[in-house]
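One structure is given here, and the rest of the page talks about it.
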Amino acid sequence: MSKKPPHVSATPATDWLKAHGIAFTEHVYDYVEHGGTSESSKQLGVDEHAVVKTLVMQDEAAAPLVVLMHGDRQVSLKELARQIPCKKVEPCKPEVAQRHSGYQVGGTSPFGLRKAMPVYVQQSVLQLPRICINGGRRGFLVGIEPNVLVSPLGARPVECAA
């Protein structure tokens, strides 16, 4: 008899996915402080390139925005600023990111955000057959098809990987 995988109670992200009729799989792992996508991908046996991180950033006017990037890549802030366009983009401080998103840092999902923010996705993420992205809680990823990021989420594709 196989062991049933752990179930995570609903989060604003999973509520959003269900409300939009989006099928997803749940992937629970043991959260490690500062472990990032390398830790989650290792525990889940998933390629880190297919684990998408959700980063809350801000422009020069302190207006928040979300960037979705491959777990094994960094964001070129200069290139992102050039493409969206604005003068400067920088990561938000953790407490500011939490206030904008409604999620604890390490558990930030682009779905069900507290505040409406523009969302940008690294173009190559959309070429993957399936991705894992935070489900709104530390130690919890959801598996989805990447096209969900563009429609219905509304993320704008950009080329900003460093």
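At least one donor-acceptor pair under 3.5 Å links the side chain of T11 to the backbone N or O of G135. A distance-only check finds no donor-acceptor pair linking the side chain of T14 to the backbone of A10 [under 3.5 Å]. In terms of modelled atom types and a separation under 3.5 Å, the side chain of S109 and the main chain of N134 share a donor-acceptor contact.
Applying the under-4.5 Å side-chain rule to Ile, Leu, Val, Met, Phe, Trp and Tyr, the cluster around L44 extends to Y29, Y31, V46, V51, L141. Within the hydrophobic cluster formed by Ile, Leu, Val, Met, Phe, Trp and Tyr side chains joined at under 4.5 Å, directly or through other members, L55 is accompanied by M57, L65, V67, M69, V75, L77, L80, I84, V89, Y120, V158.
A single hydrophobic cluster is seen to contain both L128 and V150, as judged by linkage of ILVMFWY side chains at heavy-atom distances under 4.5 Å, directly or through other members. Follow the hydrophobic side-chain contacts under 4.5 Å out from L126 and you reach F24 in the same cluster.
Applying the side-chain hydrogen bond (donor to acceptor under 3.5 Å, both in side chains) test to every pair with at least one member in residues 149-162, sequence neighbours left out, gives these pairs: Q122-E159. Sorted by first then second residue, the salt bridge (Lys or Arg N to Asp or Glu O under 4.0 Å) pairs that include residues 47-65, not counting sequence neighbours, number zero. Screening residues 136-162 for ring pair (Phe, Tyr, Trp, His ring centres under 6.0 Å) gives no qualifying pairs among residues at least two apart or on separate chains. Residue pairs meeting the salt bridge (Lys or Arg N to Asp or Glu O under 4.0 Å) criterion with at least one partner in residues 131-151, sequence neighbours excluded, are E33-R138. Residue pairs meeting the ring pair (Phe, Tyr, Trp, His ring centres under 6.0 Å) criterion with at least one partner in residues 59-104, sequence neighbours excluded, are H49-H70. Residue pairs meeting the salt bridge (Lys or Arg N to Asp or Glu O under 4.0 Å) criterion with at least one member in residues 61-85, sequence neighbours excluded: E79-R82. Residue pairs meeting the salt bridge (Lys or Arg N to Asp or Glu O under 4.0 Å) criterion with at least one member in residues 87-102, sequence neighbours excluded, are K88-E90.
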Pair L68-V125, side-chain contact (heavy atoms from CB on, under 4.5 Å): steps then yes or no: CA-CA 8 Å; L68 306 175; V125 166; 5.8 Å; no
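Contact detail for P157 and Q123: the closest heavy-atom pair is CB-OE1, 3.1 Å. Listed here is the closest heavy atom pair of I144 and A23: CG2-O, 4.1 Å. Residues R130 and G143 approach most closely at NH2-O, 2.8 Å, considering heavy atoms. A pairwise comparison of heavy atoms in A97 and V56 identifies CB-CB, 3.8 Å as the closest pair. Across G112 and P12, no two heavy atoms sit closer than the pair O-CB, 3.7 Å.
Under the 4.5 Å side-chain criterion, counting only non-hydrogen atoms from C-beta, I131 is in contact with L149. Considering only heavy atoms from C-beta on, P118 stays 4.5 Å or farther from V66 through its side chain. Looking at heavy atoms from C-beta onward, L113 lies out of side-chain contact with W16 at the 4.5 angstrom threshold. Considering only heavy atoms from C-beta on, C132 comes within 4.5 Å of H27 through its side chain.
Residues that satisfy the side-chain hydrogen bond (donor to acceptor under 3.5 Å, both in side chains) test with Q74, not counting sequence neighbours, are absent from this structure. Remark: S38 engages no residue in a side-chain hydrogen bond (donor to acceptor under 3.5 Å, both in side chains) (not counting sequence neighbours).
Around the CG atom of N147, the shell of radius 6.0 Å holds more than 12 heavy atoms that belong to other residues, nucleotides or ligands.
For the atom pair T54 OG1 and I133 CD1, the distance stands at 4.0 Å (nearest 0.5 Å).
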